[in-house]
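Only heavy atoms go into these numbers, but all of them, side chains included; no hydrogens, no water, no symmetry mates. All figures in this text were calculated on a predicted structure; none of them were measured in a lab.
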Amino acid sequence: MNTLVGVGVGPGDPELLTVKAANLLAKADVVFVPVAAGDSADAGSAGASPGVTGRAEATVLHYAEAWRIERVEFALHDRVHGPARERAWDAAATHVATWFAAHPGATAVFATIGDPCVYSTFTYLAATVRELLGDLDVQLVPGVTAMQDLAARTGTPLVEGRESLALFPMTAGPERFRD
């Protein structure tokens, strides 16, 4: 069975990875990293390609050889969930599914900044790859989020006692925040 693991690589500091994440990055058959559309001259091809090295890729390079890294293009700068963004997700999922077709029974890691369960591209990718392949073992390895890193660097507790912690995406707009 094919295995796709969403690995949180933290806020971009290679020292803020879990041991489990580091071990998976070191031994996975391939590590997919997201790049913004247009940031890579040949995104999606095997090996690290020319172009902008993103935070996820830079972190992964501390644990995985460059030849095991494949860039996958996403519409990361599109703030609107529209057709262009969905086409990019579909193309990325097709790339990953095609890789699995050529490597049956393999383990692929998708490295995502922060945590794969918090506003991550991985959830969309995994759902679409599963639709394309059917039989797919999807696993998650949590990562340090930017809010945890910032709180630690500034010595600021996020919550204490009975305080609540709520996440709100500012990409939703200030009107939703006011509501």
Minimum heavy-atom separation for [X] and [Y], please, with both atom names.
X: Thr18; Y: Ala21; result: OG1-N, 3.0 Å
X: Val31; Y: Ala64; result: CG2-CB, 4.3 Å
X: Tyr63; Y: Pro14; result: OH-O, 2.5 Å
X: Ala146; Y: Pro11; result: CA-CB, 4.3 Å
X: Pro116; Y: Gly143; result: CD-N, 4.2 Å
X: Val33; Y: Ala111; result: CG1-CB, 4.2 Å

I want to check something: taking the side chain as every heavy atom from C-beta on, are [X] and [Y] in contact at a cut-off of under 4.5 Å?
X: Thr53; Y: Arg71; value: yes
X: Asp149; Y: Asp13; value: no
X: Ile113; Y: Val9; value: yes
X: Val5; Y: Val141; value: yes
X: Thr112; Y: Val7; value: no
X: Cys117; Y: Leu140; value: yes
X: Val144; Y: Asp115; value: no
X: Pro34; Y: Thr121; value: no

[atom2] on [Y] to [atom1] on [X], rounded to 0.5 Å:
X: Asn2; Y: Asp137; atom1: CG; atom2: CG; value: 9.5 Å
X: Arg130; Y: Leu136; atom1: CZ; atom2: CG; value: 5.5 Å
X: Thr128; Y: Glu86; atom1: OG1; atom2: CD; value: 9.0 Å
X: Phe110; Y: Phe122; atom1: CZ; atom2: CZ; value: 8.0 Å
X: Leu25; Y: Asn23; atom1: CG; atom2: CG; value: 9.0 Å
X: Leu133; Y: Met1; atom1: CG; atom2: CE; value: 11.0 Å

message: As a quick check of understanding, evaluate side chain to side chain donor-acceptor pair (under 3.5 Å) for Thr145 and Gln148, giving each step before the final call.
response: CA-CA 5 Å; Thr145 63; Gln148 293 165 303; 2.9 Å; yes
- request: Check whether more than 12 heavy atoms from other residues, nucleotides or ligands sit under 6.0 Å from atom CD of Glu15, and answer yes or no.
  value: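 Open: at most 12 neighbouring heavy atoms sit under 6.0 Å from CD of Glu15.
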Cluster overlap Leu17 with Leu150, hydrophobic side-chain contacts below 4.5 Å: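 No, because Leu17 and Leu150 fall into different hydrophobic clusters, even though each may have its own neighbours under 4.5 Å.
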- prompt: What about Leu4 and Leu132, same hydrophobic cluster or not, with Ile/Leu/Val/Met/Phe/Trp/Tyr joined at side-chain heavy-atom distances under 4.5 Å?
  reply: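 No: no chain of side-chain contacts under 4.5 Å links Leu4 to Leu132.
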message: Determine whether Leu165 and Met147 satisfy the following criterion, side-chain contact (heavy atoms from CB on, under 4.5 Å), listing intermediate values before the conclusion.
response: CA-CA 11 Å; Leu165 176 66; Met147 68 178 174; 4.3 Å; yes
- request: For the pair Trp99 and His103, evaluate ring pair (Phe, Tyr, Trp, His ring centres under 6.0 Å) and give the outcome as yes or no after the intermediate values.
  value: CA-CA 6 Å; Trp99 185 89; His103 303 87; 4.2 Å; yes
- request: Taking atom types as modelled, find out whether His95 and Glu70 have a side-chain donor-acceptor pair closer than 3.5 angstrom.
  value: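 Note: His95 and Glu70 side chains meet the donor-acceptor criterion.
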